[in-house]
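Taking it in order: structure first as structure tokens, then the write-up.
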Amino acid sequence: MGLAEIRELIKPVIKEVDLSYLSGKIVALDAFNALYQFLAAIRQPDGTPLKDSKGRITSHLSGLFYRNKNLIENGIKLIYVFDGRHPEFKKKEQELREEQRKKMEEKYEIAKEAGEKNLKKYAEFTSKLDYNMIDEAKELLKAMGVPYIQAPSEGEAEAAYLVKKNIADFVGSQDYDSLLFGGTRVVRNITISGKRKIRGVEVNISPEIIELKDVLNYLNLNQEKLIILALVVGTDYNPDGIKGIGIKKAYEIVKKYDDPEKIFNYINWDKYYDISWKELEKFFLDPPVVDINKEDIKFGEIDEEKIRKILIDNHDFSEERVNKSIEELKKSYKQGSQKNLLSFFQNG
DNA sequence: CGGAGGTA
DNA sequence: TACCTCCGG
């Protein structure tokens with residue numbers, strides 16, 4: 001079900017690295033992807049997210065602040081990319097997600113009534129990102145000196161564009177979608193702790209790098225064929241894929257026919273979807289993006305008063321802890337600029 | 001998720 | 001140093 005299945009197929013070209021591999025690199029992070037992760041994960045065992053004294057959720061701010069600080073300390077430069085308006089044909093997927101979220105909300109309530117202790121596993125799928133959270137995340141990023149870009153459409157597409165244009169080195173996301181948008185390098189699992197819960201059990205996880213050219217070489221496909229492969233198993237724009245066809249079968253089909261028309265005839269695309277496959281293919285090959293100049297992206301312009309205002313004054317974060325992190329962040333920026341200066345003299 | 005503080 | 005558990009807001 002969906003593009004996540006592709007992992008099985010491309011396992012041999014997934015490179016596990018440690019965080020230091022990314023030192024000095026620029027990572028374009030899918031902001032919604034990250035914020036949802038924080039909302040899902042930063043919860044108490046009973047499922048409650050972190051909240052300030054007014055009852056407003058703060059998990060996403062905590063996650064952003066401490067993870068950014070750490071990644072920056074590791075010499076990684078971050079650009080966050082926020083989703084813009086989703087294409088009309090994403091509606092189905094969005095409705096599906098909302099439906100699943102509501103279903104999990106019910107399950108959560110039922111488990112709560114039944115007196116179950118570990119409610120986190122239900123609660124994490126009830127996360128909802130609202131406009132206020134998005135605005136405050138942007139504000140915090142700005143205050144931290146972490147640049148962000150507002151994409152006109154899909155964030156994954158914009159992030160892929162940044163990597164294609166050599167403004168960033170990697171797309172940072174848990175999803176594989178940016179490969180379809182032509183993102184040349186993707187990093188998944190970009191975290192500090194190296195631990196994540198998978199189906200309830202905690203396992204060690206390190207960042208993994210996927211290069212688009214390795215994927216295409218290994219599968220012996222071109223970009224168009226990769227997109228077609230994705231359309232057969234299901235993307236955000238046709239979430240169900242084609243009934244009865246998984247990634248293995250899809251790969252066989254895509255390899256067997258040279259002519260895309262034949263593939264889509266064979267799988268009876270028109271029987272399942274109103275939208276033409278050509279329109280979706282075009283969206284992946286040439287998505288709406290906003291043009292960015294490398295010089296316009298500034299790293300490390302920190303506003304520590306603003307950070308304190310957002311986290312301590314507005315949201316009751318611990319003054320001591322925030323101040324400590326601000327000092328560490330400033331130190332990282334200073335070291336970073338010294339490094340840059342040094343390499344400037346060495347290279348210049 | 002990541003930090004802090006504890007234990008072996 | 002590795003690992004565990006609880007807390008943060």
Distance-only donor-acceptor check, side chains A/Asn68 and A/Tyr80, under 3.5 Å: yes
Please tell me if A/Arg67 has a side-chain N or O lying less than 4.0 Å from either OP1 or OP2 of B/dG2. yes
Round to a whole Å and report the spacing from CG of A/Asn323 to C1' of B/dG3. 16 Å
Separation of C/dT5 P from A/Gln44 CD (nearest whole Å): 17 Å
Between A/Glu156 and A/Ser173, do the side chains contain a donor N or O and an acceptor N or O under 3.5 Å apart? yes
Figure out the CD/P separation between A/Glu319 and C/dG8, and round it to whole Å. 16 Å
Measure from NZ on A/Lys120 to C1' on C/dC6 and round the result to the nearest Å. 12 Å
One pair to check against ring pair (Phe, Tyr, Trp, His ring centres under 6.0 Å): A/Tyr108 and A/Phe125. What are the steps and the verdict? CA-CA 9 Å; A/Tyr108 170 76; A/Phe125 297 106; over 10 Å; no
Are side-chain N/O atoms of A/Asn314 and A/Asp52 paired as donor and acceptor at under 3.5 Å? no
Could you tell me the separation between the CD1 atom of A/Ile57 and the P atom of B/dC1, rounded to a whole number of Å? 17 Å
When you measure from the side chain of A/Phe38, which nucleotide among B/dC1, C/dG9, B/dG3 comes out closest? B/dC1
Once you apply a heavy-atom cut-off of 4.0 Å, does A/Ser318 come out as touching a base, just sugar-phosphate, or nothing? sugar-phosphate
At under 4.0 Å between heavy atoms, what does A/Pro45 touch on the DNA or RNA strands: base, sugar-phosphate, or nothing? nothing
Under a 4.0 Å threshold between the charged nitrogen and the carboxylate oxygen, would A/Glu208 count as salt-bridged to A/Arg7? yes
Taking A/Ser318 for its side chain and A/Arg321 for its backbone only, find out whether a donor-acceptor pair lies under 3.5 Å. yes
Report the distance from atom CD1 of A/Ile310 to atom P of C/dG9, rounded to the nearest whole Å. 15 Å
Between CZ of A/Arg43 and P of C/dG9 the distance, given in whole Å, is 17 Å
When you compare the protein's N or O atoms with those of nucleotides 4-6 of chain B, which come within less than 3.5 Å of each other, and at what distance?
| from | atom 1 | to | atom 2 | distance (Å) |
| --- | --- | --- | --- | --- |
| B/dA4 | OP1 | A/Lys324 | NZ | 3.1 |

Integer-rounded Å distance: B/dG2 C1' and A/Leu61 CG: 15 Å
Got a second to check how far A/Asp30's CG is from A/Gln37's CD, nearest 0.5 Å? 9.5 Å
Let's see if you can work this out: which of C/dG9, C/dG8, B/dG2 has an atom nearest to the side-chain heavy atoms of A/Asn70? B/dG2
